[in-house]
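Reading through the structure tokens given below for one structure.
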Amino acid sequence: MVRGGTVLDQLGRRPADVVVTDGVVAAVGQGLQAPGGARILDAGGCLVSPGLVDLHTHLRQPGMEEAETVESGGRAAALGGYTAVVAMPNTDPPIDCASVVRDVLELAAASRWQVFPAGAITRERAGERLAPMAEMAALGVRLFTDDGAGVQDSRLMRRALEYASGLGVTLAQHCEEAGLAAGGHLHEGAWSSRLGIPGTPAEAEELMLARDLTLSRLTGAPMHFLHLSTAGSVALVRSAKAAGLAVTAEAAPHHFTLTSACAASYDPVFKVNPPLRDAPDVDAVKLGLADGTLDAIATDHAPHPQEAKELPFDQAPPGMLGLETALALALTELDLTVEEVLALLSWRPAGIAGLEGDHGGPVAEGRPANLCVIDPAATWVVEPDRLASRSRNTPYAGRRLTGRVRHTVVRGEPVVIDGEAQR
Ligand code: DOR
């Protein structure tokens, strides 16, 4: 039982206890009695929200277990308030057929975490031949992406959209026009010139986004756009939505909290793809999150081993950790209400991932008990060595944040209690 908190979901805010039995919410109301023997989680002064849902997590399994595993990434997610994560398919081997989907589902089933693999759009994520999306969809895969790379061939992308809409699944694009982006390691602009490191122009993202909006219109297929980072991208999605296209889009916390100036340190912890952009882009992403142009905050949690992130900037792999800091960054840095932040982190992404039956609330009798208890006033400092991820590549070391996850409940099981992951 979660006692003494304020329930906050898409239905609003109300002081209430939440009784959980057999993994399901049994009652929501004031002054409820705990069933005999029930564990009581104190939520005094806290918000009781539907668990967060991440549309964009790199769990690195199979194949890159030194960076992360389903187990370690799942624990990091739970500590961040997530009760479900969509695992990106750029593993080794990639998640591009039923047998690898099954492997990831088995790893998830053996853990306490709710992990939903995304499938690749093309075989080997090589952008040449379509992956067998039907056999992956039959195993429950709802999102498909070649994330880490965009599908370059427009004809193939059109066919992928037609195939996907027949299957009732959604394609999610990593928007990056490879020719224009080639050789870039940070955002092309004043800082790439000053530091002497080749950059990637904003237009490399915007070109593919504009193409895909056109293809979505041509095919009528819905699409989701991953980690949008530029003012131009936000404007493109805004006008596509105004024109009635069935598209959704996400932004990552680092794209509303950090700028290209971070690269001045030459520290590869600030290398990410798409790269950190300029202040006007950050402002546009924030506005997009505030006005509904961007539907979700997704972490793009991208763990990398320490030795890889100690290479020179132009040789280090792109990516940064995100799961354990996303909620606090959003609460601290965005000029939004807690309700608006939770919509972006929980119920809207649950809908995009097709998980609204089990995740993203509302907190109501009969619903699966996937919950997150948040202390909105608690402040804390990010300490890389205390993160649960196997990797340490957070760009927020030493940053003071407001808002902390106190408890996380997955299918009725308390997996985080008072900020500590349970074994
Ligand atoms: O920075 C990134 N890292 N962007 C991506 O698209 C892929 C990701 C990774 O897998 O490391």
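Whatever order the structure lists ligands and atoms in, that order sets their numbers, starting from 1.
- Within ligand 1, the atoms closer than 4.0 Å to a non-hydrogen atom of A302 are 3 (N), 8 (C), 9 (C), 11 (O), numbered from 1 in the order shown.
- At a heavy-atom cutoff of 4.0 Å, ligand 1 is contacted by no atom of M88, backbone or side chain.
- Counting atoms of ligand 1 from 1 in the listed order, those under 4.0 Å from a heavy atom of N90 are 9 (C), 10 (O).
- Residues H224 and E250 have side chains that bring a donor and an acceptor to within less than 3.5 angstrom of each other.
- Looking at L226 against ligand 1, nothing comes within 4.0 Å, counting heavy atoms.
- In R60, the part holding a heavy atom less than 4.0 Å from any atom of ligand 1 is the side chain.
- Checked for salt-bridge contact, D212 and R158 miss the test: no charged N lies under 4.0 Å from a carboxylate O.
- At a threshold of 4.0 Å, the pair R411-D358 does not count as salt-bridged, since none of the basic side-chain nitrogens sits closer than that to a carboxylate oxygen.
- Contacts between M320 and ligand 1 below 4.0 angstrom, taking non-hydrogen atoms only, are absent altogether.
- Under the 4.5 Å side-chain criterion, counting only non-hydrogen atoms from C-beta, L228 is not in contact with H255.
- The side chain of H304, and not its backbone, has at least one atom closer than 4.0 Å to an atom of ligand 1 (non-hydrogen atoms only; side chain from C-beta on).
- Each of T332, V382, V381 was checked for a side-chain contact (heavy atoms from CB on, under 4.5 Å) with R400, and the lone residue meeting it is V381.
- Of the protein's non-hydrogen atoms, N273 O, 3.5 Å is the one closest to atom 2 (C) of ligand 1.
- The ligand atoms of ligand 1 that sit less than 4.0 angstrom from a heavy atom of H227 are 6 (O).
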Pair R123-E128, salt bridge (Lys or Arg N to Asp or Glu O under 4.0 Å): steps then yes or no: CA-CA 7 Å; R123 287 176 195 260; E128 287 164 9; over 6 Å; no

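- Among protein heavy atoms, the minimum distance from atom 8 (C) of ligand 1 is reached at H58 NE2, 3.7 Å.
- Numbered from 1 in the order shown, with element, the atoms of ligand 1 that lie under 4.0 Å from a heavy atom of H174 read 6 (O).
- Within the listing of ligand 1, atoms 1 (O) sit less than 4.0 angstrom from a heavy atom of V272.
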Verdict with reasoning, V373 to T408, per side chain to side chain contact (heavy atoms under 4.5 Å, CB included): CA-CA 6 Å; V373 178; T408 306; over 6 Å; no

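- Across H174, Q173, R125, a single residue satisfies side-chain hydrogen bond (donor to acceptor under 3.5 Å, both in side chains) together with D147, and that is H174.
- In P318, the parts holding a heavy atom less than 4.0 Å from any atom of ligand 1 are both the side chain and the backbone.
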The test is side chain to side chain contact (heavy atoms under 4.5 Å, CB included); show your working for L294 and F225 and say whether it passes. CA-CA 9 Å; L294 301 175; F225 295 101; over 6 Å; no

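- A donor and an acceptor atom, one from each side chain of E68 and H58, are nowhere located under 3.5 Å apart.
- Distances from atom 7 (C) of ligand 1 to the heavy atoms of G148, G319, G150 put G148 nearest.
- Residue contact annotation: D300 has a non-hydrogen atom under 4.0 Å from ligand 1.
- Heavy atoms of E176 come nearer than 4.0 angstrom to ligand 1 in no pair at all.
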